[in-house]
Every structure is written in C-alpha cells, then in structure tokens.
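Given the structure is predicted, the values throughout are model-derived calculations rather than measurements. Throughout, protein chains are lettered first and strands after them, A, B, ... in sequence-line order, and every chain is numbered starting at 1.
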2 protein chains.
Amino acid sequence: MSDDQSPAVTIASIAAAAGVSVPTVSRVLNGRSDVAPQTRQRVEQLLRDHGYQRRGGRPRGRARLVDLVFNDLDSPWAVEIIRGVEDAAHAAGVGTVVTAIHRRASAARAWLDNLAARASDGVILVTSDLDPDLHSELRSLHVPAVVVDPAGVPALDVPTIGATNWAGGLSATEHLTGLGHRRIGFVAGIPTLWSSRARLDGYRAGLETAGLPFDPELVVEGDFGYESGARAAHRLLGLAEPPTAVFAANDQMALGVYEGVRRSGMRVPDDVSVVGFDDLPEGRWSSPPLTTVHQPLAEMGGLAARTVLRMVDGETIESPRLELSTRLVVRDSTAPTQLRPVSRVGS
Amino acid sequence: MSDDQSPAVTIASIAAAAGVSVPTVSRVLNGRSDVAPQTRQRVEQLLRDHGYQRRGGRPRGRARLVDLVFNDLDSPWAVEIIRGVEDAAHAAGVGTVVTAIHRRASAARAWLDNLAARASDGVILVTSDLDPDLHSELRSLHVPAVVVDPAGVPALDVPTIGATNWAGGLSATEHLTGLGHRRIGFVAGIPTLWSSRARLDGYRAGLETAGLPFDPELVVEGDFGYESGARAAHRLLGLAEPPTAVFAANDQMALGVYEGVRRSGMRVPDDVSVVGFDDLPEGRWSSPPLTTVHQPLAEMGGLAARTVLRMVDGETIESPRLELSTRLVVRDSTAPTQLRPVSRVGS
DNA sequence: TTGTATGCGTTATCAA
DNA sequence: TTGATAACGCATACAA
C-alpha cells in the first residue's frame, strides 16, 4: 500500500487547488507578466500554504537582470562597485538595476515589489546592515543573493565578498616604519565595523614587526568622515610628542587629516606623512596625491556579479566568504623622516 | 470607391504576413517573453518593412523600468546623476537600469537587445556623443528618450537637460573680481564642447563687467583632466606677470591647479585663489575646500527621470532644451588680494 | 465597430 | 514516465 503521509506537493496539485491550469502556476513561479493579479495572489498563497519546493534547479532561461542594492548612493564606494558589477553583468548580456533603499523599510518593500514584477534573476546587496527578514523574503521569491561588504559586517548565510583589511592595515604601517617613522598616529573608523577592527589590528601588527610600542594616545577614533579626520589630526598634532606620520582608516579621513595639517600651518608630506585606505579618485586627485591602500572595489563588484549569475544557473557556491587582496599604492603623501628638517624653511 | 493606396498597416496584416496570430504580434510589440526568438525576429522584420505605426498611445500599464546609459562610469558626474535618477524613479515605483557602453557599437547593440527583451519603458542618455542611428533604433522600439547633457553637445531632437554654463562662468569670475583680483587665469576645457565655450564666454563677460581687459595669455587650454590643470597652473605661474587667481572650467582641473601651485612652492589661497566648476565631492574634501560653481547634477537626473516617465504616460514634452541654474559655492580656496603680502612668511 | 492587449488553456517539448 | 517550461491561439476585455 502507498502511504499518503507526504502527498508530494507538485505544481499540478497547486493548480487543482487554485482551479487553474498547470502552466499558470508555472508562470506565477517564474514571475511572468501574463497572470491576472488576483490569480497570482491566490496561487502564491497556496504555494506558501502547501510549502511548495522547486524540483530541479531554476528554469534554464538565461538571466536578464540583476539587482544591485545600496543603502545610500552617496557613499564614495558606490560608483566603483557599480562599475565592477555593470561590467561583468554587461559582458554576460545582463542588465544592472541600481537601487538605494536609505535604510527605510518602505523603500525596501517598494523595491521588492518592483523586483518581483520584473522577475529579477539575482541580487547583490552592498547594504550590510540589512533588515534580516528581507533575506527570507528574497528566499521565498527564489532569487539568489550575494553580499558585497567593504564595511565588514559579520556574514549572513549568503556568499559574501570582502577585502583583506588586516593585511592592508599592516602594509600601510610597514610602509611608514620603512620610511623611518617611529611615532605613527592612527585615525580609526567606526569601532563596531569589523573592517575598522581589522585595520587597527593590522596597524598594531605593523608596529610590532618594527619593534615599536603601541601607544594608545596615538589612536584617535573617527567616523569615516572628512571632518573627523581633520579633528583627529588637530588632536594628534597637539600632543606633547606629536606623530610624524598618520595612517587613516579610510581616504575621506585621510583627506581630513590633510586639512587638519594645513590648518596647523604644516605641510604634507614635509611635516607629516599621510596614508589612507580605499584608493578612491578623491585621493588620486588630492594635493599631494595620496599614498593609500587600494581596495579592489570594482573587482569585488565584478566577482559578486559573476557569482550571482552562477547561482542563477543553479550552481551552488562553496565558500561562504571571499576576500580579495588589498595592495599599497605609494604616491606623494609619504616621505622619509630624515628629510623633514631640510624641507622646512625656517628654524 | 475606396482608394487602396494606403492599405492601413495593422497588427492583423502583419500577423497574416508572418503566419502567426494577432496576439503574438502584440506580444512582440510589447516585449513580452513568451514568443520564440525566431518568431520574434520575423515579426520585428515585418513590422519594420511595412512601417507599422502604433494607433493610440502606448499600453496603459505603469512603467516598471527606465534605462540610464553612460559612455563611461568613471566620469566623476556619474554617481550624482545616478542618485538623481534613481531617487525620482524609485519614488514612482520604477527601477533604474544602469549601463555603460564605452563608445563601442557592440556594447550598444548588446544593451539594446537586453532592453528590448525586458521591455524597458524609457531611456535617459548621459552619453552625449552618441551613435546617431541608436536614436532611430530606439524610436523603432517606441521607447521614449531624454538626454542629460552636462557636457553641452548640440541638442538632438529629443528633450535635453543641461545647466547654465555661461551664468556659472560669469558668477565665478565676478566672485574673483569682487575679491580684488585683477589678473585672473582661466583653464579652459575641450574647446569642441559647448559647455567649455559657454564657461569661457562667461569668464570674459565677468572680466568686462569689472572693466578688466581680456588677456589671451591668461587662458590656457586643458582637457578637463587633473594633469592638464597642473600643467596649466605651471604655465600661468611662470608668466612675467602671473595671475593672482585661477578659474578652472571643472573641478578636476581646479584640483590639478592646486597641485601645480603646490609644486611651485606656493599655497592656495594665500598665493593663488582657485575656483572650480561642478562641485563634486572631490572638491568638498580637498584641502583647502574648493570654491566652485555648483552644477545640480542630481536635480538634472531627477528631472530627466520625471520627464521620461511623463513621456511613457503619453505626454508630449514642449520645450526641447531645459537648463537648470548653477550657483557659486564659496569655500576656502579663494581670498582677497589684499591679504596676500601679509600671509607670506618671507620677502 | 475596429484595433489592440490580457488572461489562460492546449499542445509540444524538455530534463531528470 | 513525470514534473515543469515554452510557444502560441482562443476568448474576451478595453480603448478610440
């Protein structure tokens, strides 16, 4: 006798319950447009109630659209990541939908509705502190997701792409110690973000390698903003024994340090060497051009796009977190300590 | 007798010619998914051959997607425009697809194919020097288009949104003359772009207003890039009678001027005042923060989005070109001439 | 009316 | 085989 404890929820059973044909249910599942809104709702409800599960992979049709979601587009990273994602998606013949949800649930809802209506194939989230039940929502829509995470928030259960923050902090610090600096200030970022912690720890490791002591007085907390960098520089330069070099946890704060140095009547790099982190265009065009740790944002975006597209094709991604390597870019904001007395005009 | 000189190209006649049903042709016209690729191609060909024209407006369904097309995403304007477009589109429940076509016809083709397949509702082009037959292609797809044009290329026959470049050049120059400057250098942009011409003419008008002569020696041609600004500054400061202020036709060149000034051992604004044009974040975070002419890029993007969405709804747009006004933002890179002797240490 | 768009079933097809 | 998607036509619902 066949036991009927699991009646095998199939598309056909849903169709029967909803009083529609099998293809109609299939259309709802695949977000096709030609289903009446009422019918769609009824079917979606039944799918949920009966706990329908897809059999084999997703439909084989090629992806057409991926969604790239930010909290805010005024983050200086945004363009770089957009570039990387657009490039990789475009190469695969896939369009890139960019959205900013400003941390508002209403905006996220509107976006999700739009996403479902146009049957997006995959989602790349750059917004790390995201409403957790947004993820379950995405799961129920069967849309694969990947997180790009330059900020370094603890990973969720989706593939995450980051950068080697610790190694970057280390190489920046080693560069400065290599130039002969022995008192090196650090302008930290928001302490709750892992990336900040990792960069700070890299800094400490760099000091240790050079046999230098860690002096808490030389670490000032910032908020990743320009102004906090300027304030930090002011504080560091006012110390009894001021640093000869400053490593800021991102480029914006590094440029703020420039401004703080300028306000103190000093010059970069003659009086103070400065190193940043991110390698944004802002730093390339500063005066002097900024020595900084390059974070491969475009590559991270490209990898994220290729990863979601593989997921769309039914592949399962093995490693939950991937870190691309940072690298130091030496420009003109750092100089050896020895040169300092020479370059000053007076005293 | 009815004359049969115009056999009234209807969907039905196309359907007959293609050997398909009327709904199938309708689906092709509306970019629906459930049409076989071959069938779609055959029908599209016939629609073109017979010169089919839509009867009443577009279908009444709300817009879901607009396309935003750049030549390159590494333009510093890009983010600002994306922000403006995304914001306005999102508010209307519409998604924003961002694409870069890198001036390559192949990329444009791939984008158009994707666009047709997902039935985009409207297009915003930021890429001004665009393949002209791309426009006809768009027209045949019945997708409305708008051009956002900060570069100032001659208008096509689609609604165009720009900024008041001439007025911006004027206000920048008046600001400098108002501070007492009498020798004011100008770093021009690419001379073939109208925006460059307009800014230059605004500069000349500003000099005239203050009763100052126009000295061709004080105008150096740049290419809108950082390095060309640095070179221009070097040349201007090497003149027998160097300028005390420099107005650069965009922010990147203005920051290049900073660098040129720094390389000459001088300081901004103590020795040379600098004004830029665009008001990009790069200028806000420079040291000293840059006085510049604000170009309302985000507003331009927002207006463009609202305009295409109105066109999607069947409205016809009256004015072919619209210019949003620029405004001077005074920060710390400009100072009165009188202060100069005081702030110098030596001589 | 006539022209066009929508919703959904039928039939064929395809993957496991 | 069976579960699922693809392609297209019929009937109908609208708009001019």
Report yes or no: do A/Thr160 and A/Asp149 form a side-chain donor-acceptor pair below 3.5 Å?
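No, no side-chain donor-acceptor contact under 3.5 Å.
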
Taking atom types as modelled, find out whether B/Thr164 and B/Thr326 have a side-chain donor-acceptor pair closer than 3.5 angstrom.
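Judged by distance alone, the side chains do pair up.
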
side-chain contact (heavy atoms from CB on, under 4.5 Å) partner of A/Val25, chosen from A/Thr39, A/Leu46, A/Ile14, A/Val35
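So the option named by the test is A/Ile14.
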
Next item on the list: With the side chain of A/Ile11 defined as its heavy atoms from C-beta on, choose the nearest nucleotide among D/dT5, C/dC8, D/dC8.
Entry: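 Within the option list, the nearest is D/dT5.
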
Using whole Å, report how far [atom1] of [X] lies from [atom2] of [N].
{"X": "B/Arg40", "N": "D/dC8", "atom1": "CZ", "atom2": "C1'", "result": "13 Å"}
{"X": "B/Gln41", "N": "D/dA7", "atom1": "CD", "atom2": "P", "result": "13 Å"}
{"X": "A/Ile14", "N": "D/dT5", "atom1": "CD1", "atom2": "P", "result": "13 Å"}

Members of residues 16-24 of chain A that approach DNA chain D, where some heavy atom sits under 4.0 Å away
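Of all residues in residues 16-24 of chain A, the ones placing a heavy atom under 4.0 Å from DNA chain D are A/Val22, A/Pro23.
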
inquiry  = Any side-chain N or O of B/Thr10 below 4.0 angstrom from OP1/OP2 of C/dT2?
reply    =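 No, B/Thr10 has no side-chain N/O under 4.0 Å of OP1/OP2 on C/dT2.
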
Practice item. Using a cut-off of strictly less than 4.0 Å, decide whether A/Ser26 has a side-chain nitrogen or oxygen near OP1 or OP2 of D/dA6. Key: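 Indeed not, no polar side-chain atom of A/Ser26 lies that close.
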
> Can we say B/Asp72 and A/Arg83 salt-bridge, meaning some charged N sits less than 4.0 Å from an Asp/Glu carboxylate O?
Replying inline: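 Here B/Asp72 does not pair with A/Arg83 in a salt bridge, since their nearest N and O are not under 4.0 Å apart.
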
So, under a plain 3.5 Å distance rule, would you say the side chain of A/Arg27 forms a donor-acceptor pair with the base of C/dG7?
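When only heavy-atom distances are counted, A/Arg27 does not reach the base of C/dG7 through any donor-acceptor pair under 3.5 Å.
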
**Asked** Considering residues, nucleotides and ligands other than B/Gln41, do more than 12 of their heavy atoms fall under 6.0 Å from its CD?
**Response**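 Result for CD/B/Gln41: open.
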
- request: Could you tell me whether B/Val35 contacts a base, only the sugar-phosphate backbone, or nothing, with contacts defined as non-hydrogen atoms closer than 4.0 Å?
  value: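 If one applies the 4.0 Å heavy-atom cut-off, B/Val35 turns out to touch the sugar-phosphate alone, with no base involved.
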
**Asked** Within the side chain of B/Asp121, is there an N or O that forms a donor-acceptor pair under 3.5 Å with the backbone of B/Leu65?
**Response**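 Indeed, once roles are kept as given, a pair shorter than 3.5 Å links the two residues.
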
